[in-house]
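As structure tokens, the structure follows; a few thoughts come after it.
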Amino acid sequence: MLSLPIVALVALWAFVTGYVVGDFFELRQASTLYEQVAAPATALAIEVRHERRVSAIQLSSAAEQTDGLPEARGQTDKAVADFIRHTTSLETTSVLDPALGAAISEVSLQAEKLRTIRGDVDGRTVNRLQAVQAFSNITDAVYRLQDQVVTVSEIGLYQQAVGLQRISHAQDLLSREDALISGATLAGALTHAEYEAMEVLAPNRRLLLSEGVAALDDELSGPFRTLVVSPGYRGLVALEVEIVDESKLPYDRKAWQSLADAFSSTTDRFLTSRGALLNERTDAAAGGIIAQIIIAGGLGLAAILGAVILSAKLGRKLAAELGHLRMTALELAEVRLPQVVERLRRGETVDVKADAPPIPTTGTTLEITDVARAFSTVQSTAVEAAVGEARLRHGFNRVFRNLARRNQSLVHRQLTQLDSMQRKTSEPEVLEDLYRLDHLTTRMRRQSEGLIILSGATAGRTWRNPVPLLDVVRAAVAEVEDYKRINVLPMPDAKLTGTATADVTHLLAELLENATVFSPPTTPVSVRGGIAGRGFVVEVEDRGLGLQVRECEAINERLASPPAFDVADSEQLGLFVVSQLAARHGIKVTLNRSPFGGTTAVVFIPQTVLTAAEEVSAATAYE
């Protein structure tokens with residue numbers, strides 16, 4: 001109730017202020033990109049254009065080195081260094097996006113080729129057109145970078161830079177024409193490839209210039225509109241047309257140089273002045289945005305503070321009541337309910353009214369009181385549901401145990417009858433059938449004992465005297481259907497206590513059953529044992545396909561910490577029985593990868609369920 005109007009006011013203030021601040025940051029980003037990226041890139045393009053022209057003259061001259069070439073190269077190297085220094089600064093990298101970063105990397109990559117280009121020029125292994133094109137790859141990368149800068153800058157003022165960018169690109173194409181014509185003037189003629197290049201460069205330059213001037217507003221485009229209608233520019237265009245149409249250098253070759261130099265210098269001066277004017281507009285817009293931030297942010301913040309102060313008194317009261325409710329709910333969720341559930345798991349009786357009393361309320365706010373009552377209802381319902389589930393689980397366990405006990409009694413009687421029948425007959429075929437039936441009955445007894453274990457009770461079979469571990473392993477083998485595949489290797493002398501014999505036999509039988517079921521019927525299953533430092537280790541190894549790493553880790557975790565029995569999880573009852581029996585006697589069972597590609601089950605039997613040899617001898621002698 002209190003927060004809704006305040007949140008609405010804060011949201012409105014944040015929207016207005018954020019909108020204005022967003023413009024400011026966009027303006028700051030655009031200004032940073034212009035100062036740290038666009039300006040150094042433009043300077044680099046100018047120096048590359050100058051070196052390109054001097055290099056073209058060098059290739060056309062018979063002299064070993066043209067005057068001004070070392071100075072031009074030095075200025076280009078300085079421009080490259082400045083570009084790298086500005087574009088790799090922390091201020092620049094903080095506003096770059098992936099596309100702009102890729103464009104900067106492309107310029108740097110092209111600039112690294114300057115050494116190769118200069119080597120080709122000095123060695124005269126390239127012609128004028130190839131050299132001009134090589135240098136032009138650098139300027140093309142620069143103009144692609146500047147196009148990307150303009151795309152990133154969403155401020156309306158910087159969108160005017162599109163026109164200036166196209167004019168600058170047109171200036172670069174004129175520089176390429178000038179490099180070709182200046183070199184050809186020394187050589188005496190243009191090559192056929194250079195004429196074809198001029199046929200592309202000249203119309204593209206004029207198109208870029210006209211589009212750039214058209215994209216500017218009246219104030220920015222004024223000087224350029226005057227320039228394109230000047231007699232000097234018309235003469236330059238006429239010379240371009242003459243070169244392209246007649247495929248030869250103009251009659252007055254000096255006229256080209258003077259017109260091109262005059263147009264280039266004037267265009268560069270206009271580009272510089274228009275760029276400065278664009279920056280002045282940006283600075284003025286920044287001042288207006290800052291004023292809007294102060295007004296919108298200040299008034300909105302004052303309104304928010306007033307709303308907070310007016311609601312503080314009522315807020316304290318609600319906060320106290322909610323705090324009490326919160327502590328009570330946390331105690332319910334973290335202490336009381338977990339204690340009740342744990343008692344139910346242990347089988348203790350729980351009184352819902354006594355163990356889950358209603359949550360006390362001290363506040364007067366109706367809504368908070370209703371919430372407290374709702375928590376009390378949830379608590380009572382949860383406890384009643386847990387009690388019902390515990391009763392249902394105990395009922396299932398009793399059903400399992402009763403059915404298993406009855407079945408176990410019948411199986412014991414059947415085993416006794418089979419033993420009597422085996423003693424009375426001597427026919428081999430009848431004995432073999434009786435032995436198979438005896439083996440089947442033994443497996444049935446194990447299944448009955450499994451149900452008893454699932455119910456939480458003991459299997460019922462016990463031994464008074466210690467039993468050798470080798471006999472325990474053999475008894476487990478006898479309870480497996482495919483027992484003929486199991487190979488029991490000799491083991492050291494060790495004996496189990498009588499109370500643990502039945503459970504260990506059942507545990508090993510479950511592991512042996514899994515080993516035979518999940519391995520090819522033609523492969524053996526090996527059982528070996530040995531004395532460990534604090535007990536005895538039995539290994540059951542098969543040669544099946546084995547388990548995945550994650551599946552093996554999950555099974556080992558369940559074997560180490562047996563979960564509560566879930567009726568829905570009936571596909572791995574054997575592993576659940578193994579985990580329960582292992583936890584009952586402190587036995588540790590782990591599954592590992594077998595060297596044969598299958599699975600090895602390692603059963604560590606602690607010393608607490610083993611009997612020393614001398615104790616066993618004394619007990620036997622006493623009996």
Side-chain angles (χ1 to χ4, degrees), residues 40-85 87 102-146 168-202 204-205 243-244 247-249 253 256-257 260-261 264:
T42 301
L44 173 61
I46 292 174
E47 297 303 333
V48 171
R49 290 203 303 260
H50 179 59
E51 183 178 346
R52 177 175 57 196
R53 180 177 180 276
V54 178
S55 298
I57 295 175
Q58 165 72 17
L59 290 173
S60 304
S61 174
E64 183 175 351
Q65 190 175 66
T66 302
D67 294 338
L69 183 59
E71 291 79 3
R73 290 178 175 177
Q75 291 298 322
T76 303
D77 291 338
K78 182 177 180 299
V80 171
D82 289 342
F83 174 80
I84 294 175
R85 177 169 56 83
T87 56
I104 292 175
S105 300
E106 178 63 20
V107 174
S108 301
L109 180 63
Q110 293 296 332
E112 291 176 358
K113 299 178 181 179
L114 279 172
R115 181 177 299 179
T116 302
I117 299 172
R118 291 167 179 173
D120 293 337
V121 171
D122 294 339
R124 298 180 184 272
T125 58
V126 294
N127 56 36
R128 285 192 306 271
L129 180 59
Q130 292 172 337
V132 169
Q133 290 174 341
F135 281 106
S136 299
N137 290 335
I138 302 175
T139 57
D140 287 340
V142 169
Y143 292 121
R144 286 193 296 270
L145 169 61
Q146 291 180 337
S168 178
H169 198 174
Q171 176 74 354
D172 182 71
L173 296 185
L174 177 61
S175 175
R176 301 182 194 184
E177 295 179 41
D178 184 34
L180 292 175
I181 295 174
S182 297
T185 300
L186 290 177
L190 287 166
T191 65
H192 178 71
E194 290 173 341
Y195 279 122
E196 292 181 345
M198 286 291 298
E199 290 177 353
V200 175
L201 291 173
N204 285 339
R205 182 197 65 79
I243 294 171
V244 172
S247 300
K248 65 179 182 179
L249 292 173
R253 300 180 181 181
W256 166 267
Q257 193 62 56
D261 290 344
S264 296

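Each residue takes its place number in the sequence, starting with 1. No hydrogens, no waters, no symmetry mates; every other heavy atom, side chains included, goes into these values.
When atom types are taken as modelled, the side chain of Y143 and the backbone of S168 share a donor-acceptor pair closer than 3.5 angstrom. In this structure a side-chain-to-backbone donor-acceptor pair under 3.5 Å is present from Q171 to S264.
Of all the heavy atoms in A79 and A43, the pair that sits closest is CB-O, 4.2 Å.
Between I138 and E47, the closest side-chain pair of non-hydrogen atoms is not below 4.5 Å. For the pair R73 and T76, the minimum side-chain heavy-atom distance is 4.5 Å or more. Under the 4.5 Å side-chain criterion, counting only non-hydrogen atoms from C-beta, V107 is in contact with L44.
Remark: the E71 side chain and the Q75 side chain contain no N/O donor-acceptor pair separated by less than 3.5 Å. Side chains of T139 and R49: no donor on one and acceptor on the other come within 3.5 Å.
Separating the CG atom in L174 from the CG atom in N204 is a distance of 13.0 Å, to the nearest 0.5 Å. Note that CZ of F135 is 6.5 Å distant from CZ of R118, once rounded to the nearest 0.5 Å. Once rounded to the nearest 0.5 Å, the distance linking CG of N127 with CD of Q133 reads 8.0 Å. With rounding to the nearest 0.5 Å, the separation of CZ in R176 from CG in L129 is 11.0 Å. Distance check, rounded to the nearest 0.5 Å: CZ of R115 to CG of D77 gives 9.0 Å. Expressed to the nearest 0.5 Å, how far CG of L173 lies from OG of S136 amounts to 8.0 Å.
Evaluation of the side chain to side chain donor-acceptor pair (under 3.5 Å) rule for T116 yields no partner, not counting sequence neighbours. With sequence neighbours excluded, no residue satisfies side chain to side chain donor-acceptor pair (under 3.5 Å) with E177. In this view, N137 satisfies the side chain to side chain donor-acceptor pair (under 3.5 Å) rule with no residue, not counting sequence neighbours.
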field: Chi angles and distances behind the side chain to side chain contact (heavy atoms under 4.5 Å, CB included) call for V142, Q110
entry: CA-CA 9 Å; V142 169; Q110 293 296 332; over 6 Å; no
- request: Quick one: do V54 and E51 satisfy side chain to side chain contact (heavy atoms under 4.5 Å, CB included)? Show the steps, please.
  value: CA-CA 5 Å; V54 178; E51 183 178 346; 5.8 Å; no
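A salt bridge between K113 and D120 is absent, with no side-chain N of the basic residue lying under 4.0 Å from a carboxylate O of the acidic one. Taking 4.0 Å as the cut-off between side-chain N and carboxylate O, K78 and D82 count as a salt-bridged pair. A salt bridge between R144 and D140 is absent, with no side-chain N of the basic residue lying under 4.0 Å from a carboxylate O of the acidic one.
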